[in-house]
Trainee: 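This structure is in structure tokens; I'll ask about it shortly.
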Amino acid sequence: MLAPTELQVIGNELAVRWSDGREDFIRCEDLRAASPSAENIGEPDIFGRWRGGTAQKTFPGVTVTTWEFIGQYAVRFVFSDGHGSGLYSYAYLRQLVEAKAKGQAEK
């Protein structure tokens with residue numbers, strides 16, 4: 001499994017170095033918008049109806065203030081707006097940075 005070996009905030013971007021040697025960058029605002037937390041995207045209730053979440057899709061000026069590795073599978077980021085309940089699996093984080101890198105290359 002690919003895992004981040006180093007994380008560093010540089011300006012308004014998060015730099016990620018991976019166990020395969022690859023390095024990626026993602027804007028902290030984009031990382032915050034992609035939070036997989038129930039607070040951000042909602043969650044299904046017992047009957048399968050989607051509840052909660054936020055309509056806010058952009059987070060201008062938000063940065064990562066700290067993070068912690070959760071087991072051997074995820075990172076929990078804390079953002080400057082106080083949000084910190086999303087767990088970014090290593091696979092999800094890699095998917096996000098690859099999508100952002102691909103989008104940058106297409107421009």
Trainee: Do Val75 and Glu68 have side chains that get closer than 4.5 Å, going by heavy atoms?
Mentor: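 In short, these two side chains do not touch, never coming nearer than 4.5 Å.
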Trainee: Please walk me through it: do Leu96 and Leu31 pass side-chain contact (heavy atoms from CB on, under 4.5 Å)?
Mentor: CA-CA 8 Å; Leu96 289 175; Leu31 191 64; 4.1 Å; yes
Trainee: Under the side-chain contact (heavy atoms from CB on, under 4.5 Å) rule, what do Asp24 and Arg22 come out as? Steps first, then yes or no, please.
Mentor: CA-CA 7 Å; Asp24 289 299; Arg22 178 179 168 149; 2.8 Å; yes
Trainee: Is any side-chain heavy atom of Glu23 closer than 4.5 Å to one of Val16?
Mentor: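 Val16 does not reach Glu23 side chain to side chain.
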Trainee: Given 3.5 Å as the limit, does a donor-acceptor pair link the side chain of Thr54 with the main chain of Gln56, or not?
Mentor: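 Pair found, side chain donor or acceptor close to backbone of Gln56.
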Trainee: Can you tell me how far the OG1 atom of Thr65 sits from the NE2 atom of His83, to the nearest 0.5 Å?
Mentor: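 Between atom OG1 of Thr65 and atom NE2 of His83 there are 11.5 Å.
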Trainee: Return the minimal non-hydrogen interatomic distance between Pro4 and Phe69, and the atom names on each side.
Mentor: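 Pro4 and Phe69 have their closest heavy atoms at CG-CE2, 3.9 Å.
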Trainee: Can you tell me how far the CD1 atom of Ile26 sits from the CG atom of Leu93, to the nearest 0.5 Å?
Mentor: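 Between atom CD1 of Ile26 and atom CG of Leu93 there are 7.0 Å.
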Trainee: Which donor-acceptor pairs under 3.5 Å do side chains of residues 5-13 form with protein atoms, sequence neighbours excluded?
Mentor:
| from | atom 1 | to | atom 2 | distance (Å) |
| --- | --- | --- | --- | --- |
| Thr5 | OG1 | Arg17 | O | 3.2 |
| Glu6 | OE1 | Arg17 | NH1 | 2.6 |

Trainee: Is there a path from Tyr92 to Leu14 through hydrophobic residues (I, L, V, M, F, W, Y) whose side chains come within less than 4.5 Å of each other?
Mentor: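 Yes: a chain of side-chain contacts under 4.5 Å links Tyr92 to Leu14.
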Trainee: Is there a side-chain contact between Tyr90 and Met1 in this structure, where contact means two heavy atoms from C-beta onward sitting under 4.5 Å apart?
Mentor: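 Side chain of Tyr90 against side chain of Met1, heavy atoms only: contact under 4.5 Å found.
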Trainee: Starting from Leu87, walk the hydrophobic network (Ile, Leu, Val, Met, Phe, Trp, Tyr; side-chain heavy atoms closer than 4.5 Å) and list everyone else you reach, by chain and number.
Mentor: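 Other cluster members: Ile70, Tyr73.
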Trainee: If we ignore hydrogens and angles and just use 3.5 Å, is the side chain of Asn40 paired with the main-chain N or O of Ala33 as donor and acceptor?
Mentor: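 A pair under 3.5 Å: yes.
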Trainee: Apply side-chain contact (heavy atoms from CB on, under 4.5 Å) to Ser80 and Val62, showing your working.
Mentor: CA-CA 6 Å; Ser80 59; Val62 170; 3.8 Å; yes
Trainee: Cation over ring, Arg76 on Trp67, under 6.0 Å and within 45°?
Mentor: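 No; the conditions do not both hold, so Arg76 does not lie above the ring face of Trp67.
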Trainee: Could you pull out the closest heavy-atom pair between Gly61 and Glu29, with the gap in Å?
Mentor: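 Of all heavy-atom pairs spanning Gly61 and Glu29, the closest is N-OE2, 2.7 Å.
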Trainee: Which donor-acceptor pairs under 3.5 Å do the side chains of residues 43-53 make with protein atoms, sequence neighbours left out?
Mentor:
| from | atom 1 | to | atom 2 | distance (Å) |
| --- | --- | --- | --- | --- |
| Asp45 | OD1 | Phe47 | N | 2.8 |
| Asp45 | OD1 | Gly48 | N | 3.0 |
| Asp45 | OD1 | Arg49 | N | 3.0 |
| Asp45 | OD2 | Arg49 | NE | 3.2 |
| Asp45 | OD2 | Arg49 | NH2 | 3.4 |
| Asp45 | OD2 | Arg51 | NE | 3.2 |
| Trp50 | NE1 | Ile41 | O | 2.7 |

Trainee: Taking the side chain as C-beta and beyond, is there a heavy-atom pair between Phe77 and Ser35 under 4.5 Å?
Mentor: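 No, side chains not in contact.
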Trainee: If you compare all heavy atoms of Ser85 against all heavy atoms of Ser37, which two are closest, and at what distance to 0.1 Å?
Mentor: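 In terms of heavy atoms, the two residues are closest at OG-CB, 3.4 Å.
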Trainee: How long is the gap from CD on Gln95 to OH on Tyr88, to the nearest 0.5 Å?
Mentor: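 Result: 12.5 Å between the selected atoms.
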